[in-house]
Amino acid sequence: MIQLQGLRKRFDKHQVLKGIDFTAQFGEVLAIIGASGSGKSTLLRCIDFLETPDEGIITLAGRSFDAAKATKSDIAYMRRNTAMVFQNFNLFKYKTALENITEGMITVQKRPKAEAEKRARELLEKVGLGDRMDYYPSKLSGGQQQRVAIARSLALEPRAMLLDEPTSALDPEMIAEVLTVIKNVARERSRAMIIVSHEMNFVYEIADRVIFLDEGEVLENGTPLEVFGAPKTERARQFISRVNLSNNYVI
Amino acid sequence: MIFDPRLVFTRIPKILKYLPITMEIAIGATLISLIIGFIVALIKIRKVPVLHQITAFYVSFTRGTPILVQLYATYVGIPIILRLFNAHFGTSFSVNGIPPIVFALLALSLNDAAYSSEAIRAAIQAVDRGQIEAAHSIGMTTWQTLRRIIIPESLVIALPSLGNAFIGMIKGTSLVFVTAVVEMSTYGRQLAGRDFRYLEMYVTLAIIYWVITFVVSKLLNLWERKLKCDERAAGGGAGRDTAARLTEKV
Ligand SMILES: Nc1ncnc2c1ncn2[C@@H]1O[C@H](COP(=O)(O)OP(=O)(O)OP(=O)(O)O)[C@@H](O)[C@H]1O
Ligand SMILES: [Mg+2]
């Protein structure tokens, strides 16, 4: 499982995360929703140490440490065992789709090149890009780039996958293909997935638990039915009434 | 005859015998300068305490003094430092053991690095932040990220200004007579000293330098164009433009 206890993060005087607690089991899909600026990205970035949290206890697969006193080895441990999928894909632009995926396996995991390439091919097939192995990112559409990025993160066999608005930068017609890939990955149930998304239908369908974040605090934490159907707080009620969940989902 | 045009050409082969040493100095000093410039750039970016101040002083001092003075200072200064060192630590390093080319390489590369560090810094900072974060997120260490992502990308960005610096370096080698290294210019002066045909000699030298720098700049252009094609294949270009603008003055 991956667990946060009392995670806090401040930028100068601005307390962005005010003590976040949650637990996600391996195999579980946790969705984080909330208004812009509520701290969703910061939360994910703290888990991957792209931002350094100020306080809190982080636990991942049995290893637990104080985030305020994270050692180099703690940070390396978190980065190796989690993988981030970014809103803007962030593919290595001078590397082909295949090289983007093998990079981590070769440089970080020290796997032999041939083995890494074999695995990368499998992963590209899996995200439906078997015919785009040697393309540079600029020759791929946004949706294709994001699928490469998902394959890249899977290559490292992370215990937890962190997805920060993976479809927000995409043209509408490409959103579905990426969501489908994410759903397939989620169905494997072999890792925790923490996903920040504004696609409420998608969240409703895929998430086991939903967390509603508001000004750096967890206001709701429950099943999609609980959070969307019967929010306990007024803030969550307002937020959910504003996002349109399509009629297919009767609440 | 006041000016003997034939002499201008008949001496070219003789002078060209010293072309290898000229290029050795230019290439060697440029490579050393790249390493120093890179370290200085990192210190600047990271704002490493103390080192940051020291390198700022080094850059400002080097840019603010003539290269000829720096060459003399190196040539005269290092033996003195060595003697002081020997006296202090009881060692017996001999100045005569140092080949003159070392003084030339040292002075030229230190001078060049003061300029190229700025271009390298701009290039490193033009590398897209998102790719660095992606590298970190897949578990690459700072050093791995530097080696695998940042350095290759920033080299592409910095190539135009580093290429200009290399051409400057080729011309700069003509000053190393100060350190008793015999390269094309020094040898030319020695030749001219025998018959006082200085003007012919300087015309010869001018032609040779011009041809070399012309060829080198054409080659650099080709390389740049090739990289640009790769880059078009790889997308991007915005970062490069920013860096080019930032390094224009260098
Ligand atoms: N590096 C930073 N320096 C200073 N402030 C920051 C930094 N990163 C984020 N913030 C601030 O922290 C707050 C939370 O930002 P964050 O990006 O986590 O929000 P978010 O919930 O992901 O929003 P969005 O839905 O727009 O992506 C914002 O007010 C933002 O301005
Ligand atoms: Mg965000």
Side-chain angles (χ1 to χ4, degrees), chain A residues 41 44-45 47-52 72-73 75-97 99-110 134-140 145 148-149 151-158 160-164 169, chain B residues 38 42 45-48 120 122-160 162-163 223-244:
Chain A
S41 297
L44 287 194
R45 293 166 60 80
I47 296 174
D48 216 14
F49 279 84
L50 295 178
E51 304 289 355
T52 315
K72 262 200 169 131
S73 119
I75 295 173
Y77 174 78
M78 288 307 288
R79 285 181 175 167
R80 279 186 196 169
N81 290 290
T82 64
M84 184 85 123
V85 173
F86 300 87
Q87 187 172 346
N88 297 315
F89 332 129
N90 289 348
L91 292 180
F92 304 127
K93 70 175 177 188
Y94 291 105
K95 296 188 192 295
T96 62
E99 289 164 350
N100 262 278
I101 299 170
T102 54
E103 181 63 37
M105 290 191 275
I106 294 170
T107 312
V108 180
Q109 298 183 330
K110 314 280 182 215
D134 299 321
Y135 282 52
Y136 282 95
S138 63
K139 299 281 161 162
L140 298 171
Q145 287 187 57
V148 173
R152 175 174 70 181
S153 71
L154 286 173
L156 299 152
E157 278 147 31
M161 231 173 133
L162 314 168
L163 301 101
D164 189 4
Chain B
F38 185 71
L42 283 186
I45 291 171
R46 289 286 179 100
K47 298 208 169 56
V48 183
I120 294 172
I124 290 175
Q125 291 188 324
V127 173
D128 171 26
R129 185 84 220 138
Q131 288 179 61
I132 298 171
E133 291 192 342
H136 286 157
S137 98
I138 61 175
M140 285 164 80
T141 59
T142 307
W143 171 241
Q144 286 169 336
T145 309
L146 208 55
R147 193 166 49 86
R148 303 280 310 169
I149 310 294
I150 300 176
I151 294 179
E153 281 192 30
S154 52
L155 271 184
V156 175
I157 299 170
L159 185 65
L162 295 181
W223 191 18
E224 240 176 83
R225 211 167 313 151
K226 188 188 165 302
L227 284 176
K228 253 188 203 155
C229 285
D230 291 354
E231 187 178 14
R232 216 168 296 131
R240 182 204 192 83
D241 291 344
T242 323

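In what follows, every heavy atom counts, from backbone to side chain, and hydrogens, waters and symmetry copies are set aside. The chains referred to below are lettered A, B, ... by the order of the sequence lines, with proteins before strands, and numbering in each begins at 1.
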TODO: Name the option with the most non-hydrogen atom pairs under 4.5 Å to chain A; the candidates are B/M140, B/R148, B/R129, B/Q144.
DONE: B/R148

- [ ] Answer yes or no: are there more than 12 heavy-atom neighbours, outside A/K110 itself, under 6.0 Å from its atom NZ?
- [x] yes

Open item on the list: Given heavy-atom pairs under 4.5 angstrom as the criterion, report whether the side chain, backbone, both or neither of A/D48 touches chain B.
Closed with: side chain

Open item on the list: Can you tell me which portion of A/I75 sits under 4.5 Å from chain B's heavy atoms? Options are side chain, backbone, both or neither.
Closed with: neither

Task: A/N90 CG to B/I132 CD1 distance, which is reported to the nearest 0.5 Å - done: 10.0 Å

Open item on the list: Report which part of A/F92 has an atom under 4.5 Å of a heavy atom belonging to chain B: side chain, backbone, both, or neither.
Closed with: both

Task: Point-to-point distance, once rounded to the nearest 0.5 Å, from CD of B/Q131 to CZ of A/F89 - done: 13.0 Å

Open item on the list: Let me confirm one number: the CD-NZ distance from B/E153 to A/K93, rounded to the nearest 0.5 Å.
Closed with: 5.5 Å

Task: From CD1 (B/I149) to CD (A/E103), nearest 0.5 Å - done: 5.0 Å

Task: Gap separating the CZ atom of A/F49 from the OG atom of B/S137, nearest 0.5 angstrom - done: 14.0 Å

TODO: Please examine the side chains of B/I138 and A/R79, heavy atoms only from C-beta on, and report whether any two atoms are closer than 4.5 Å.
DONE: no

- [ ] Could you tell me which portion of A/T82 (side chain, backbone, both or neither) has an atom closer than 4.5 angstrom to a non-hydrogen atom of chain B?
- [x] backbone

TODO: Between chain B and each of A/T107, A/L162, A/N88, A/L156, count heavy-atom pairs under 4.5 Å; write down the option with the most.
DONE: A/T107

- [ ] Report yes if some heavy atom in the side chain of B/E133 is under 4.5 Å from a heavy atom in the side chain of A/M84; otherwise report no.
- [x] no

